[in-house]
Structures are given as C-alpha cells and as structure tokens.
There are 2 protein chains.
Amino acid sequence: MATDRDSVLLTALGVLSRQPTAAMDEIARAAGISRATLHRLFPGRDALVHEAGALAMRRMSAALDSAALDQGDPVAAVRRLAEAVIPEANFAAFLTGEGRLFEDDTINDAWEAMDARVAALFLRGQNSGAFRVELPAAWLSEAFFDLLAGVGWAVQEGRLAPATATTR
Amino acid sequence: MATDRDSVLLTALGVLSRQPTAAMDEIARAAGISRATLHRLFPGRDALVHEAGALAMRRMSAALDSAALDQGDPVAAVRRLAEAVIPEANFAAFLTGEGRLFEDDTINDAWEAMDARVAALFLRGQNSGAFRVELPAAWLSEAFFDLLAGVGWAVQEGRLAPATATTR
DNA sequence: ATCGAATGAGACACAAGAGTCTCAGGTAAG
DNA sequence: CTTACCTGAGACTCTTGTGTCTCATTCGAT
C-alpha cells in the first residue's frame with residue numbers, strides 16, 4: 001500500500017469527477033508531479049482511471065463496513081449508513097459518472113455487492129415492519145445511491161458544504 | 001422547426017447519453033446519415049451537443065407544462081409530474097451527465113427555472129400540510145431530479161423497462 | 001427525360017492527447 | 001565526497017477525432 005500512489009489517485013479522483021475528459025497533463029499538474037512520473041506510476045490512462053475507480057470502491061466499501069448495516073435497529077442503521085457514506089459522496093459521483101468503469105467485471109461485481117448489502121438492509125427493515133413495503137428493496141438501494149451521487153455532484157458545484165443525513 | 005434536425009438530435013441524444021465521448025462518426029452512423037451531412041446540419045460538435053441539450057431541456061419543460069403543477073391537490077400533482085417526466089428520464093440523465101452544458105447560461109437558466117417550478121410545487125405541498133417539512137423544498141426538488149436521472153441511467157443499462165411512479 | 005439540390009463517400013490538413021525516450025539536476029544513503 | 005536513484009523537463013512519434021473540401025450519385029420536381 002504505497003501511500004504515494006494513493007495520494008495521486010485521490011487528486012486524480014477529484015479532477016476526473018469534475019472533468020471526466022481531463023488530460024493526463026492536468027491530472028499530473030494537479031497532483032504536483034510531472035507527466036513522466038505519472039506514467040511511471042500508472043502504465044496508462046486506462047490503468048489510472050481503473051485504479052482510481054478501485055480506490056473509490058474500496059473507500060465506499062470501507063464506509064459500509066464501518067456502518068455495521070446488519071446490526072441493531074434498521075432505522076438507526078440507515079442513519080449510520082448515511083453518515084458514513086455522505087463524506088464519500090464524491091466517490092459515488094465519480095463511479096456513476098465514469099460509465100466505462102462498469103465494463104470491468106471486478107468493479108461491476110464490487111458495485112453489485114455494495115448494492116446487495118444496502119438492499120439487504122432495506123429488506124431487513126421492511127421485514128421488521130420499520131420501512132414501507134410499497135417499493136422493492138432493490139429500488140430503494142438504487143435510489144439511495146442515486147441520491148448519494150447527487151449529493152456528490154452538488155458538493156462539487158459548491159452549492160452544498162456540510163451535507164447532513166435525514167433519510168425517509 | 002424542421003423535423004429532420006430534431007430527429008437527428010434525438011438519436012444523438014441517445015448515443016451521447018450512453019457514451020458522452022462518442023465521435024461524430026458514430027453519431028452520424030447512428031442517425032443513418034453521413035458525417036458530411038451531420039456537419040452540414042450542425043457547424044460542429046459543440047453546436048450539436050448544445051442543441052441536443054436545448055432540445056432535451058425543451059422536452060422536459062414541456063413535460064412539466066403538461067403536468068399542470070400549480071393546480072389541484074399537491075400529491076396528485078406530484079404523481080402527474082412523475083408520470084409526465086419519467087418517459088423523458090433519459091433526457092435528464094443526459095443533461096446531468098453532460099456537465100459542460102451548464103457552462104452555458106441559457107441552459108443553466110432553463111434548468112434553474114425547472115428546478116424552481118418543482119420546488120414551488122413541493123413548497124406548496126408543505127404549506128398545505130400534505131408533505132413533510134423536515135427537508136427544504138429545494139432539496140426535495142434536487143433529489144427529485146437526481147432520482148429521475150437515476151431512472152434514466154437504469155433504463156439505458158437495460159435493468160428497467162416500464163418504470164412507474166410511486167412517490168413519497 | 002432533364003435539371004437541380006441534397007447526400008454519401010472519400011481524401012486532406014490540422015490539432016490534441018497519449019505514450020515513450022533521453023538527458024540534466026537534485027537528493028539521500030553509503 | 002561519491003554514487004545510485006528518482007524526478008522533471010522537453011522532444012518526438014503515433015493515434016484519433018475534427019473540420020473542410022471535392023466529386024460522383026441519387027432523388028425529386030418540373
């Protein structure tokens with residue numbers, strides 16, 4: 001886990017989520033390194049965005065882990081989920097915006113696994129009677145990530161600073 | 001309003017919402033015309049995406065018009081809104097995905113006007129006691145468009161065919 | 001059948017970005 | 001101090017997409 005690569009990936013994430021067509025040049029300058037070293041760290045643009053996506057996915061998964069979705073009251077779990085995941089909203093925005101990433105099986109599977117975990121939480125809440133049952137849990141999960149990406153966009157455009165939760 | 005330009009714009013909309021970096025070549029072939037005529041219709045790529053965005057915005061505005069948001073029961077109005085606008089969800093997905101469009105004042109203003117109309121509906125519902133007041137109406141509007149774009153993405157990726165409403 | 005306008009196909013130059021390479025300068029370890 | 005390694009800067013090639021042009025063909029109207 002070289003911290004250097006990760007720090008470069010984080011700034012790349014920031015640049016690319018604002019401008020998906022940003023050139024390697026701009027990414028390198030934003031990261032404070034030269035284009036040459038950027039190519040030394042990552043063999044090409046594809047590898048860069050791929051690893052950036054993987055990092056974003058790892059961060060989101062870690063956020064889900066920290067929320068302990070399968071424990072305690074479902075309502076409280078959803079609240080924990082929101083609090084844990086909203087700080088990472090920009091990652092969600094990047095992932096949904098960079099559609100090409102879902103051509104990759106690894107990332108696609110990871111995303112579906114996340115989706116399944118959130119859907120399981122909603123399903124648990126529905127079974128326990130805490131949530132409404134009009135909508136399938138899978139839709140609720142989908143909608144949750146849509147809203148999360150929306151928060152990410154909103155933060156990027158500067159019309160949101162300290163976003164908070166309140167769900168359902 | 002020459003229908004030919006519009007039909008080309010519609011297919012361009014379809015291609016670009018799936019792949020924002022699609023080349024003029026692909027767009028032309030998807031529209032069944034040659035690259036030359038595409039350039040005869042639209043002076044350049046910028047003009048094409050700009051007009052496509054304007055068309056998408058016109059369609060969404062028309063959908064809002066048909067929903068008569070300021071009349072009748074707020075709950076029924078939201079339901080009408082959803083039914084009118086979900087068929088145009090792909091346009092919303094395109095607009096939110098093509099972030100560069102919002103550098104244009106015309107499109108930006110039109111979007112904000114739409115946002116304001118929806119926010120006004122939610123505010124009206126809140127004032128009449130039909131909707132909850134925990135969330136600002138502006139947030140509800142924002143979230144509504146986020147979900148709409150999400151539906152658009154979902155349809156494009158084929159995991160949704162006859163999407164229906166059910167809101168709140 | 002003829003004329004005219006629009007279209008498609010292809011060639012062309014131009015620009016931008018990606019990827020590679022070399023070389024000079026700086027830094028840390030010995 | 002010296003050496004080995006890493007980095008930045010710049011040049012270079014290659015690819016890709018854009019925009020423009022020309023010319024032959026086709027389609028429709030007269």
Side-chain angles (χ1 to χ4, degrees), chain A residues 1-56 93-95 97-104 106-107 156, chain B residues 1-56 93-95 97-104 106-107 156:
Chain A
M1 307 285 182
T3 77
D4 206 18
R5 286 173 64 89
D6 279 17
S7 82
V8 170
L9 282 178
L10 284 178
T11 61
L13 231 23
V15 173
L16 287 174
S17 58
R18 268 182 284 274
Q19 199 169 15
T21 64
M24 297 288 277
D25 198 5
E26 309 175 48
I27 300 173
R29 258 184 292 123
I33 62 178
S34 76
R35 204 162 60 92
T37 25
L38 183 58
H39 270 88
R40 287 188 191 105
L41 288 174
F42 307 97
R45 185 197 180 80
D46 287 341
L48 176 65
V49 303
H50 176 82
E51 286 207 46
L55 175 61
F94 168 77
L95 287 169
E98 204 81 16
R100 293 184 52 185
L101 283 175
F102 291 93
E103 296 169 6
D104 183 306
T106 308
I107 290 186
Q156 280 167 18
Chain B
M1 302 295 176
T3 78
D4 206 15
R5 287 173 64 88
D6 278 17
S7 82
V8 170
L9 283 178
L10 284 178
T11 62
L13 230 24
V15 173
L16 287 174
S17 59
R18 266 183 285 273
Q19 200 169 15
T21 64
M24 298 288 276
D25 198 4
E26 310 176 46
I27 299 173
R29 257 184 292 124
I33 62 178
S34 76
R35 204 162 61 93
T37 23
L38 184 58
H39 270 89
R40 286 189 191 103
L41 288 174
F42 307 97
R45 184 196 179 80
D46 287 341
L48 176 64
V49 302
H50 177 80
E51 287 206 46
L55 175 60
F94 169 77
L95 288 169
E98 205 81 12
R100 295 185 51 186
L101 283 174
F102 292 91
E103 296 168 5
D104 183 305
T106 308
I107 290 188
Q156 281 166 19

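Proteins get letters first, then strands, A, B, ... in listed order; numbering begins at 1 in each. Because the structure is predicted, anything quoted here is derived from the model rather than measured.
Here the closest heavy-atom approach between residue B:Val8 and residue B:Ala31 is recorded as CG1-CB, 4.4 Å. Taking each heavy atom of A:Ile27 and A:Leu16 in turn, the nearest pair found is CD1-CD2, 3.9 Å. Contact record, B:Thr106 with B:Asp104: N-OD1, 2.7 Å, taken as the closest heavy-atom pair. Taking all atoms of both residues into account, the shortest heavy-atom contact from A:Phe94 to A:Ala56 is CD2-CB, 4.5 Å. Taking all atoms of both residues into account, the shortest heavy-atom contact from A:Ala52 to A:Leu9 is N-CD2, 3.7 Å. Between A:Gly14 and A:Ser17, the shortest heavy-atom distance links the atoms O-OG, 3.0 Å.
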Fill in: side-chain contact (heavy atoms from CB on, under 4.5 Å) assessment of A:Val49 paired with A:Arg100
CA-CA 10 Å; A:Val49 303; A:Arg100 293 184 52 185; over 6 Å; no

Practice prompt. Would you sort out whether A:Ser7 and A:Asp4 count as a side-chain contact (heavy atoms from CB on, under 4.5 Å), showing the intermediate values?
Written response: CA-CA 5 Å; A:Ser7 82; A:Asp4 206 18; 3.8 Å; yes

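Between the CG atom in A:Leu101 and the CG atom in A:Leu95 there is a gap of 6.5 Å [rounded to 0.5 Å]. Of the inter-residue distances, the one linking B:Asp6 atom CG with B:Leu13 atom CG reads 10.5 Å to the nearest 0.5 angstrom.
Near DNA chain D, meaning a heavy atom under 4.0 Å from it, residues 9-25 of chain B has B:Ala23, B:Met24 in order of number. Non-hydrogen atoms lying under 4.0 Å from DNA chain C are contributed by B:Arg40, all within residues 40-52 of chain B.
Contacts classified as side chain to side chain donor-acceptor pair (under 3.5 Å) and involving residues 24-42 of chain B (residues at least two apart or in different chains) are given here: B:Ser34-B:Thr37. Evaluation of the salt bridge (charged side-chain N to carboxylate O under 4.0 Å, His left out) test over residues 41-55 of chain A, restricted to residues two or more places apart or in two chains, returns A:Arg5-A:Glu51.
In this structure, the CG atom of B:Leu38 is 15 Å from the C1' atom of C:dA9, given to the nearest Å. The distance from atom CZ of B:Arg29 to atom P of C:dG8 is 13 Å, rounded to the nearest whole Å. Residue A:Ile27 contributes atom CD1, which lies 12 Å from atom C1' of C:dA18 at whole-angstrom precision.
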Look for any protein N or O under 3.5 Å of an N or O in nucleotides 11-15 of chain C and output each such pair with its distance, or none.
unit_1	atom_1	unit_2	atom_2	d
C:dA11	N6	B:Arg35	NH2	3.4

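Close to C:dG8, at under 4.0 Å from its OP1 or OP2, lies a side-chain N or O of B:Thr37.
Mapping heavy-atom proximity under 4.0 Å, the span of DNA chain D touched by chain A runs 5' to 3' from D:dT7 to D:dA11.
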